[in-house]
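In what follows, every chain begins at residue 1, and chains take the letters A, B, ... in the order their sequences are listed.
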2 protein chains.
Amino acid sequence: MQFKRGFMMKVNDLNMKEIAKLAGVSTATVSRVLNHSGKVKESTRKKIEELIEQTGYRPNVLARELAEKKTNLIGLIVHAMTGEGIPKAVNGLNEQLSENGYSLLIAGSNGIFENEMKQIELFRQKRVEGMVFATRQFTEEHEKIMKKLPFPVVILMQDTDSAGISNAGFDNFQLAKEAASSLLSLGHRRFAYIGGPESSDSAVLRENGVKAALKEYGVYLRPALQKRGSYHIGDGYTLMKQILNEQEKPTAVLAGNDGMAVGAVNCLLQHGYRVPEDVSVMGLDDTDLAQASIIPLSGVQYSYTALGREAANMMIQGIEAGELLYEKRILPHNICIRQSVSSI
Amino acid sequence: MQFKRGFMMKVNDLNMKEIAKLAGVSTATVSRVLNHSGKVKESTRKKIEELIEQTGYRPNVLARELAEKKTNLIGLIVHAMTGEGIPKAVNGLNEQLSENGYSLLIAGSNGIFENEMKQIELFRQKRVEGMVFATRQFTEEHEKIMKKLPFPVVILMQDTDSAGISNAGFDNFQLAKEAASSLLSLGHRRFAYIGGPESSDSAVLRENGVKAALKEYGVYLRPALQKRGSYHIGDGYTLMKQILNEQEKPTAVLAGNDGMAVGAVNCLLQHGYRVPEDVSVMGLDDTDLAQASIIPLSGVQYSYTALGREAANMMIQGIEAGELLYEKRILPHNICIRQSVSSI
DNA sequence: TTGTACGCGTTATCAG
DNA sequence: CTGATAACGCGTACAA
């Protein structure tokens with residue numbers, strides 16, 4: 001019974017054979033007009049096309065893919081569609097892939113390793129042609145597994161120096177260093193940093209970047225003025241408050257992301273400090289949140305959409321070349337100073 | 001040449017036949033142990049399982065789907081992965097679908113009708129088993145087309161009363177009405193509303209809800225105190241400023257979304273008004289942005305993740321029942337009063 | 001220009 | 001329990 005499922009009955013389950021019969025030709029000819037391959041007499045082409053039009057016949061992509069051994073499918077594993085970055089990257093990725101005839105199969109892992117493995121297994125069975133991996137942790141275990149995959153893999157927003165795996169991302173070390181430098185160059189010396197969690201690779205890189213800048217300027221980052229949060233607005237607020245309890249207040253605060261920067265600004269304002277007159281505040285990205293700040297926030301601009309696009313390009317290139325060369329593509333960033341920052 | 005593409009060469013291109021040959025059985029038997037269908041002697045099952053394990057063989061899902069006439073694929077069309085709602089809904093949708101053995105194929109349309117049609121065509125060819133449609137406009141044209149589709153369709157975050165198409169969403173009219181009522185019940189009578197664009201169905205419903213509440217309280221919404229923006233933070237700011245230029249200032253401002261509410265708060269504070277002492281402000285959702293406000297923002301809570309889950313359930317139910325009954329599922333909301341609102 | 005016939009990798013039916 | 005063998009719907013040499 002192929003009609004068990006109601007909707008099946010509504011499907012125009014015509015196949016090439018039936019179209020061929022109606023047209024009085026063979027399936028080969030129908031296939032030819034469908035794929036614009038080979039020569040077909042104008043009149044028969046017309047006839048077949050009309051028939052297709054009338055009957056609403058559409059080729060079964062599954063069968064085609066099976067025959068062609070090509071699925072045009074790219075798998076994407078994400079922690080989840082949270083934050084502003086991932087969704088935007090997905091937009092770019094999807095647009096670029098779609099324009100090149102690929103479809104995106106998305107899978108959320110919630111950051112759980114077994115889920116990731118399960119999804120990868122599914123991808124293998126579905127014969128995806130490539131995979132984009134955009135989660136928060138990329139361990140050696142991951143690396144080992146990915147390198148054995150029978151299709152190209154592109155890691156998003158994570159650094160890997162492993163040969164055989166490509167990655168696209170931002171230069172977290174450098175952008176953090178530049179941001180810190182921009183504050184230092186304005187004369188700030190009493191410097192506070194509210195960074196992201198140690199468990200995040202990018203947060204560690206950003207922290208190192210900040211420290212590198214401070215070192216260049218010969219500025220000592222007092223441990224009491226260095227905090228770590230989980231990128232939430234509330235963390236920025238709480239950690240800023242802790243910092244304000246210190247003897248020596250900072251004149252500049254750099255936060256690991258916009259959210260914590262906004263939290264810091266709110267905390268400062270509510271405790272009677274002026275921004276930027278008393279304290280300059282800067283974040284390390286430039287999301288919509290930055291616009292929510294009552295004081296136009298300084299930060300670092302970079303495009304997640306472009307990142308997604310870039311990853312798609314690497315992917316397509318890898319698929320078409322038959323192998324993905326080891327590549328590390330860094331997307332540009334741009335320091336953006338607004339009202340929340342002033343010279344001392 | 002099936003080895004044109006490099007990665008193909010790495011694929012474990014074993015098929016059932018080869019496994020069968022290695023095990024000295026027929027493909028039918030291999031298929032049986034793979035699908036736990038039918039009885040297989042323990043010893044041969046063991047042997048086959050070991051062989052599968054050793055060779056790393058994995059069934060070709062494409063071939064299986066072709067034979068079974070079941071793709072386990074659900075298509076999703078979104079404008080784009082923007083805002084906070086869609087990505088969260090996608091999370092819920094994906095989780096629930098994935099737990100039930102379905103995969104999500106996503107497609108962005110950028111809100112362009114032709115793109116939507118193109119994606120629908122692709123879905124049909126890929127023989128998806130259902131489609132979720134989550135864009136900003138749902139016209140009669142859409143409705144007409146969707147009703148003819150050979151698979152169930154669930155509309156997300158849009159109202160349709162069309163039989164044959166299900167939809168899941170929030171009660172925009174009611175939640176706006178309740179939010180407005182909560183302000184009115186606190187004694188506010190000089191009332192301003194900064195709504196969303198007329199082109200958005202939900203914005204229109206919210207506006208109507210607000211007006212219904214006002215009517216109940218016999219309060220007249222002065223045209224000068226009613227504005228429409230595009231849901232951006234900046235719109236809230238600009239429109240609030242316009243309102244402040246009016247003769248009679250409002251004591252309460254309701255915004256169509258959090259973003260505009262935050263913009264309004266910022267504008268008020270920067271122009272010397274106190275929130276909520278001088279003006280109460282409230283939004284109509286409760287996203288992360290609300291936390292960014294320096295004054296804890298009041299709003300309306302509802303879960304996009306739950307919405308996605310619900311849509312997935314409707315979908316699965318529809319697929320399994322063979323037909324999707326006309327259903328309209330409204331998810332709960334909750335008025336949430338915080339510091340930004342006070343009685344007059 | 002067109003048709004024949006086989007392959008793609010599974011599932012499922014029906015005998016043994 | 002197990003094995004042929006026919007679908008599933010399409011692409012494509014190879015012939016005609």
Side-chain angles (χ1 to χ4, degrees), chain A residues 1-5 8 11-49 52 55-72 124-127 129 150, chain B residues 1-5 8 11-49 52 55-72 124-127 129 150:
Chain A
M1 285 302 248
Q2 63 221 43
F3 294 140
K4 255 182 308 189
R5 296 161 56 256
M8 273 296 183
V11 173
N12 253 322
D13 255 351
L14 290 170
N15 44 6
M16 264 182 46
K17 205 189 288 180
E18 313 194 53
I19 296 292
K21 192 188 293 173
L22 286 173
V25 298
S26 74
T27 61
T29 305
V30 177
S31 177
R32 284 186 192 106
V33 344
L34 238 36
N35 301 311
H36 308 284
S37 67
K39 292 294 166 201
V40 179
K41 198 183 0 172
E42 194 52 30
S43 63
T44 64
R45 142 162 292 131
K46 268 270 166 61
K47 185 196 277 180
I48 293 176
E49 280 173 346
I52 290 176
T55 58
Y57 161 78
R58 8 180 91 69
N60 184 321
V61 172
L62 248 63
R64 172 182 303 179
E65 290 172 346
L66 181 59
E68 285 185 334
K69 280 172 159 289
K70 177 135 176 50
T71 61
N72 299 310
R124 296 190 69 156
Q125 296 189 176
K126 280 202 177 266
R127 303 298 194 265
E129 300 191 29
Chain B
M1 283 303 248
Q2 64 221 43
F3 292 139
K4 257 182 305 187
R5 294 160 58 254
M8 274 295 183
V11 174
N12 254 322
D13 255 350
L14 291 169
N15 45 8
M16 265 183 45
K17 205 188 287 181
E18 311 193 52
I19 296 291
K21 191 187 295 173
L22 286 172
V25 298
S26 74
T27 61
T29 306
V30 176
S31 178
R32 284 188 191 103
V33 346
L34 238 37
N35 301 311
H36 308 284
S37 66
K39 291 295 164 201
V40 179
K41 196 181 6 169
E42 193 52 31
S43 63
T44 64
R45 143 163 291 132
K46 267 271 168 59
K47 185 197 276 181
I48 293 175
E49 280 172 346
I52 290 175
T55 58
Y57 161 78
R58 11 180 89 70
N60 185 321
V61 172
L62 249 62
R64 176 187 315 209
E65 290 172 345
L66 179 60
E68 285 185 336
K69 281 172 159 289
K70 177 136 177 48
T71 61
N72 299 309
R124 297 191 69 156
Q125 296 189 176
K126 281 200 175 269
R127 304 298 194 262
E129 300 192 28

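- dT2(D) atom P lies 10 Å from atom CD of Glu42(B), rounded to whole Å.
- Going from atom NZ of Lys126(A) over to atom P of dT10(C) covers 14 Å, rounded to whole Å.
- Comparing Ser26(B) and Leu62(A) by the nucleotide of DNA chain D whose heavy atom lies nearest to each, the residue mapping closer to the 5' end is Ser26(B).
- A distance of 9.5 Å separates CG in Asn60(B) from CD in Gln125(A), rounded to the nearest 0.5 Å.
- Under the 3.5 Å distance criterion, the side-chain polar atoms of Glu129(A) are matched with a main-chain donor or acceptor of Thr71(A).
- When the C1' atom of dC10(D) is taken as reference, atom NZ of Lys17(A) falls 11 Å away, rounded to whole Å.
- The heavy-atom pair separating Ser26(A) from Ala20(A) by the smallest distance is C-CB, 3.6 Å.
- If one axis is set at each end of the helix from dT1(C)-dA16(D) to dG16(C)-dC1(D) from five pairs, those axes are 40° apart, to 10°.
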Which letters describe nucleotides 11-16 of chain D, given B = protein heavy atom under 4.0 Å from base, S = only from sugar-phosphate, - = neither? SBB---

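- Counting non-hydrogen atoms under 4.0 angstrom, Lys39(B) reaches a base of the nucleic acid.
- For the pair Glu18(B) CD and dG7(C) P, the interatomic distance rounds to 14 Å; values are reported in whole Å.
- Glu65(B) places its CD atom 13 Å from the C1' atom of dT11(C), with the value rounded to the nearest Å.
- Put simply, CE on Met16(A) and CD1 on Ile48(A) are 9.0 Å apart, with the number rounded to the nearest 0.5 Å.
- Atom CZ of residue Arg64(A) and atom CG of residue Leu66(B) lie 13.0 Å apart, to the nearest 0.5 angstrom.
- Expressed to the nearest 0.5 Å, how far NZ of Lys47(A) lies from NZ of Lys41(A) amounts to 8.5 Å.
- In summary, of the residues considered (Leu14(B), Val30(B), Leu34(B), Ile19(B)), a side chain to side chain contact (heavy atoms under 4.5 Å, CB included) with Pro59(B) occurs for Leu34(B) alone.
- Side-chain contact between Asn35(B) and Ser31(B): present, with at least one pair of heavy atoms (C-beta onward) separated by less than 4.5 Å.
- Taking side-chain N and O atoms only, Lys69(A) has a distance below 4.0 Å to OP1 or OP2 of dG9(C).
- Ile48(A) places its CD1 atom 13 Å from the P atom of dT1(C), with the value rounded to the nearest Å.
- At a threshold of 4.0 angstrom between heavy atoms, the contacts of Val61(A) with the nucleic acid are absent.
- For the pair Lys70(B) NZ and dG9(D) P, the computed distance is 16 Å after rounding to whole Å.
- The side chain of Asn15(A) contributes an N or O atom lying less than 4.0 Å from OP1 or OP2 of dG9(D).
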Please determine whether salt bridge (Lys or Arg N to Asp or Glu O under 4.0 Å) holds for the pair Glu65(B) and Lys126(A), giving the CA-CA distance in whole Å, both sets of side-chain angles, and the decisive distance to 0.1 Å. CA-CA 10 Å; Glu65(B) 290 172 345; Lys126(A) 280 202 177 266; 3.2 Å; yes

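- The separation between Arg58(A) atom CZ and dC10(D) atom C1' is 17 Å, rounded to whole Å.
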